[in-house]
Trainee: 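Structure provided below as structure tokens; questions to follow.
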Amino acid sequence: TPEGAPHTLWAPGVDVTVNSLTDTPVTVSTEHDYDAVAAKVEALVTKLNDVQARIAKSTANGPGAARSVLQGSRETRRAAEAIRGALVAPVDESTLTSVGLVGIELTKDGTLTFDKAKFTEALKSNPTEMAKLFTSGATSGGTGALDRVVAAIDGATKVGEGYLYTAAEANDKRIDD
């Protein structure tokens, strides 16, 4: 029982602020917002597709392709493949094993599709395994699908270490030489 007001109570993912004291019992309940989670995953899939499309356009190397400094860039295509592969590869730590089983699928043309109904149903019926599918909860080296996407992006873009960064430095050095 909090002494005085206001007082903030905390539970993982939930903050409750008590503004006044009362002698009457108060019941606080929470529920999952499955639609909000699905909307965020849908937005992620859309952004990943946007990145893939920009990479494809920027690296195109054929008749009619627009000129780009990334044209024909092996490293940039490698980044796109690493990100896509990180998301769709099997996840051993979850009984769900694949994002394809919960509504995220890789199409023949390399884009991702999102089935919100299938995702939401999987989230409602098995939230613990869904969490394991996407993230291990580790601060680094996680094995969930999103953990691996973050690692793939880091591997490509990390300043001083990422292969896109080092490739750009090598190109700059060739120009300077």
Side-chain angles (χ1 to χ4, degrees), residues 1-2 6-19 25-56 75-166:
T1 304
H7 187 82
T8 300
L9 307 172
W10 178 86
V14 179
D15 290 319
V16 177
T17 301
V18 177
N19 291 315
V26 175
T27 302
V28 177
S29 60
T30 63
E31 61 182 51
H32 293 282
D33 190 345
Y34 299 109
D35 287 334
V37 174
K40 288 182 181 190
V41 173
E42 185 172 31
L44 173 68
V45 168
T46 299
K47 291 293 183 188
L48 289 173
N49 280 333
D50 292 347
V51 167
Q52 298 290 339
R54 289 189 71 186
I55 289 172
E75 291 83 8
T76 308
R77 287 192 308 273
R78 177 180 164 200
E81 292 164 7
I83 294 165
R84 187 174 41 242
L87 182 64
V88 300
V91 175
D92 295 333
E93 289 74 17
S94 173
T95 59
L96 296 171
T97 69
S98 168
V99 296
L101 297 174
V102 299
I104 300 172
E105 301 222 8
L106 182 62
T107 64
K108 289 180 189 178
D109 68 1
T111 59
L112 299 164
T113 60
F114 181 71
D115 182 333
K116 184 176 181 179
K118 189 174 185 178
F119 180 88
T120 303
E121 180 55 38
L123 185 58
K124 286 179 181 177
S125 65
N126 207 341
T128 301
E129 290 303 313
M130 284 288 279
K132 289 180 192 177
L133 178 64
F134 286 95
T135 181
S136 68
T139 55
S140 66
T143 55
L146 289 181
D147 295 326
R148 294 186 314 221
V149 167
V150 169
I153 292 168
D154 238 16
T157 62
K158 192 170 185 178
V159 174
E161 297 175 27
Y163 52 86
L164 289 176
Y165 184 88
T166 56

Trainee: Hey, what's the ring geometry for Phe119 with Phe114, parallel, tilted or perpendicular (30° and 60° as the breaks)?
Mentor: tilted

Trainee: Rounded to the nearest 0.5 Å, how far apart are CD1 of Ile104 and NZ of Lys118?
Mentor: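 If we round to the nearest 0.5 Å, Ile104:CD1 and Lys118:NZ are 10.5 Å apart.
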
Trainee: Working to the nearest 0.5 Å, report the span between CZ of Arg77 and CD of Gln52.
Mentor: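 If we round to the nearest 0.5 Å, Arg77:CZ and Gln52:CD are 13.0 Å apart.
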
Trainee: For the backbone of Lys132 and the side chain of Glu93, can you confirm whether one donor and one acceptor N or O come within less than 3.5 Å of each other?
Mentor: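 Not confirmed, Glu93 side chain does not pair with Lys132 backbone.
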
Trainee: Could you please spell out the steps behind the side chain to side chain contact (heavy atoms under 4.5 Å, CB included) verdict for Asp50 and Thr46?
Mentor: CA-CA 6 Å; Asp50 292 347; Thr46 299; 4.1 Å; yes

Trainee: To the closest 0.5 Å, what do you measure between OG1 (Thr128) and CG (Leu133)?
Mentor: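 These two atoms lie 12.5 Å from each other.
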
Trainee: Ignoring hydrogens and angles, state whether a donor on the side chain of Glu129 or Ser94 is under 3.5 Å from an acceptor on the partner side chain.
Mentor: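 Yes - a donor-acceptor pair under 3.5 Å links their side chains.
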
Trainee: Distance check, rounded to the nearest 0.5 Å: Lys124 atom NZ versus Met130 atom CE?
Mentor: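 Rounded to the nearest 0.5 Å, the NZ-CE separation comes out at 12.0 Å.
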
Trainee: How close do Ala156 and Ala79 get, counting heavy atoms only, and between which atoms?
Mentor: CB-CB, 3.9 Å

Trainee: Do Leu44 and Phe134 have side chains that approach each other closer than 4.5 Å (heavy atoms only, starting at C-beta)?
Mentor: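 No. Closest side-chain heavy atoms not under 4.5 Å.
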
Trainee: With side chain to side chain contact (heavy atoms under 4.5 Å, CB included) as the test, would you mind laying out the steps for Val37 and His32 before giving the verdict?
Mentor: CA-CA 9 Å; Val37 174; His32 293 282; over 6 Å; no

Trainee: How close do Thr143 and Asp147 get, counting heavy atoms only, and between which atoms?
Mentor: N-OD2, 3.4 Å

Trainee: Do any N or O atoms from the side chain of Asn49 and from the backbone of Leu112 form a donor-acceptor pair under 3.5 angstrom?
Mentor: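 Indeed, once roles are kept as given, a pair shorter than 3.5 Å links the two residues.
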
Trainee: By the definition side-chain contact (heavy atoms from CB on, under 4.5 Å), identify the one residue from Ile55, Thr111, Leu106 that meets it with Arg84.
Mentor: Leu106

Trainee: To the nearest 0.5 Å, what is the distance between OG (Ser98) and CG (Asp92)?
Mentor: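 Between Ser98 OG and Asp92 CG, I get 11.5 Å after rounding to 0.5 Å.
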
Trainee: Just how far is it from atom OG1 of Thr120 to atom CG of Asp35, taken to the nearest 0.5 Å?
Mentor: 6.0 Å

Trainee: Is it the case that the side chain of Thr135 and the backbone of Gly144 share a donor-acceptor pair, with hydrogens and angles ignored and the cut-off at 3.5 Å?
Mentor: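 Flag not set: sc Thr135 to bb Gly144 has no pair under 3.5 Å.
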
Trainee: With heavy-atom distances below 4.5 Å as the criterion, would you say the side chains of Ile153 and Ile83 are in contact?
Mentor: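 Of all side-chain heavy-atom pairs linking Ile83 with Ile153, at least one is under 4.5 Å.
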
Trainee: Restricting to non-hydrogen atoms, name the atom on Ala145 and the atom on Leu87 that form the minimum distance, rounded to 0.1 Å.
Mentor: CB-O, 3.7 Å

